[in-house]
There are 2 protein chains.
Amino acid sequence: MASTIPLPRQQRLLQLLRLAEGELSAQELHQRLRDAQQGTGLATVYRGLKLLQQAGLVRCRKLSNGETVYAPLERDEHHLICVQCGSSQPLPLCPLGTSSLGLNAVLLQGFRPLFHTFEIHGLCSRCQQVEVGLDG
Amino acid sequence: MASTIPLPRQQRLLQLLRLAEGELSAQELHQRLRDAQQGTGLATVYRGLKLLQQAGLVRCRKLSNGETVYAPLERDEHHLICVQCGSSQPLPLCPLGTSSLGLNAVLLQGFRPLFHTFEIHGLCSRCQQVEVGLDG
DNA sequence: CCCAAGAGTGAGAATGGTTGTCGTTCTAGC
DNA sequence: GCTAGAACGACAACCATTCTCACTCTTGGG
């Protein structure tokens, strides 16, 4: 599978993601490359991210504002997401644990899993307070 | 909590979602209302969906093409999503089961959960075949 | 060394779902 | 009927992402 050996450009993206504390959007990656005088086109960043994703090296999720953020596959992080303000905070819990709970061939039916996302949507404590403030 | 009693407009949205087989996008809901000669503005549909979501009656998820699709909260469905073609197929497995696995106050820290999403991203069988076809 | 073919790239235009704006309409209370 | 405030509708604006296309780089053959 040649596609699992990323080209230098994609290696660089992966490196940046691994160095980053949290998740990065394509635009942030693009900016960081520019800052490091390794400017590339935004389209190339998107292309590279898609290939990395398909190679099983990077995972992503869509924020409520439409942005997509990326992280290395090995970081198994999930999130609490506020439906009001859109903020997300880490959720120290993975529904699959380290074992592949229930992910057997019967369920997958030929589907080859690369990564998973688990998100709990609700109201963050801040937005609950605002809501109460409006009611009372 | 007054917000848990939706206005007629929002009741109609909820009804349409319950009647629908699968998930509906805001645009599809808008179209169905037009078809039923109950035309409303698109902005109103979005407003209503957001309120329904915050009232804990509707859940949503973002597709890879950027669309957001909505479904009644009581439908606890999750998906396998192809990172290549974007198609999604139902996944008959919920990481929380019917009990609230691990969702204790310590983890939630004041966050009030409304719904959750669980998605497995990977390659669907069709896209795996295409990939093989290109390699060989 | 030169050439051709194909993949990779970059800049900018195009796309399209969603959100914001703002004047109008509806509702509730008097 | 009148007023205040919420809800609404049409349309403009937004912006992350994708598309386009000409250019560059790499590779293999001659």
Side-chain angles (χ1 to χ4, degrees), chain A residues 1-14 23-55 58 60-70 81-88 121 131 134-135, chain B residues 2-3 5-14 23-55 58 60-70 81-88 121 131 134-135:
Chain A
M1 285 190 277
S3 63
T4 57
I5 304 172
L7 298 176
R9 219 53 97 84
Q10 292 151 37
Q11 288 281 15
R12 188 73 182 103
L13 286 173
L14 186 54
E23 301 158 297
L24 292 179
S25 70
Q27 316 250 5
E28 285 166 337
L29 281 165
H30 180 236
Q31 187 58 52
R32 295 202 180 193
L33 285 171
R34 291 191 68 184
D35 292 347
Q37 265 120 31
Q38 297 172 306
T40 65
L42 193 50
T44 302
V45 174
Y46 280 108
R47 281 188 281 245
L49 286 169
K50 181 154 197 177
L51 290 172
L52 284 170
Q53 200 177 321
Q54 289 170 21
V58 159
C60 71
R61 68 186 180 102
K62 273 194 174 322
L63 304 184
S64 56
N65 66 8
E67 265 187 325
T68 306
V69 288
Y70 301 83
I81 297 164
C82 181
V83 297
Q84 176 77 46
C85 67
S87 70
S88 56
H121 299 254
E131 188 180 310
L134 289 175
D135 283 359
Chain B
S3 63
I5 304 172
L7 297 176
R9 217 53 93 86
Q10 292 151 37
Q11 288 281 14
R12 187 75 182 99
L13 286 173
L14 186 55
E23 300 158 298
L24 292 179
S25 70
Q27 315 248 9
E28 284 167 339
L29 280 165
H30 180 236
Q31 187 57 53
R32 294 201 180 192
L33 286 171
R34 291 192 66 184
D35 292 348
Q37 265 120 30
Q38 297 172 305
T40 65
L42 193 49
T44 302
V45 174
Y46 280 107
R47 281 188 281 247
L49 285 170
K50 181 154 196 177
L51 291 172
L52 284 170
Q53 200 177 320
Q54 288 170 21
V58 158
C60 71
R61 68 186 178 103
K62 274 194 171 319
L63 304 183
S64 55
N65 65 9
E67 267 188 324
T68 306
V69 289
Y70 301 83
I81 297 164
C82 181
V83 297
Q84 176 78 47
C85 68
S87 70
S88 58
H121 300 253
E131 189 180 312
L134 290 176
D135 283 357

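Convention: sequence-line order gives letters A, B, ...; per-chain numbering from 1.
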*Would you indicate, yes or no, if C:dG10 has its OP1 or OP2 atom less than 4.0 angstrom from a side-chain nitrogen or oxygen of A:R34?*
no
*asked:* What is the distance, to the nearest angstrom, from the CZ atom on B:R9 to the P atom on D:dA6?
replied: 18 Å
*Any side-chain heavy atom of B:L63 sitting closer than 4.5 Å to one from B:I81?*
no
For nucleotides 17-22 of chain D, which of its nitrogen or oxygen atoms have a protein nitrogen or oxygen under 3.5 Å away, and what is each distance?
unit_1	atom_1	unit_2	atom_2	d
D:dT17	OP1	A:T68	N	2.7
D:dT17	OP1	A:T68	OG1	2.7
D:dT17	OP2	A:Y46	OH	2.3
D:dT17	O5'	A:Y46	OH	3.1

_Between P of C:dT9 and CZ of A:R12, the distance in whole Å_ = 15 Å
*Once you round it to whole Å, what is the distance between P of D:dA16 and CG of A:L24?*
15 Å
*Between D:dA16 atom P and A:E28 atom CD, what is the distance in whole Å?*
10 Å
_d(CG, A:N65; P, C:dT19) in whole Å_ = 9 Å
*What pair of heavy atoms forms the shortest contact from A:V83 to B:K50, and how long is it?*
O-CE, 3.7 Å
*For atom CZ of A:R61 and atom P of D:dA16, their distance in whole Å*: 16 Å
_Shortest non-hydrogen contact between B:R61 and B:S88, atoms and distance_ = NH2-OG, 3.2 Å
*To the nearest Å, give me how far apart CD (B:Q31) and P (C:dG17) are.*
13 Å
*In whole angstrom, give the distance that lies between atom CD of B:Q10 and atom P of D:dA7.*
8 Å
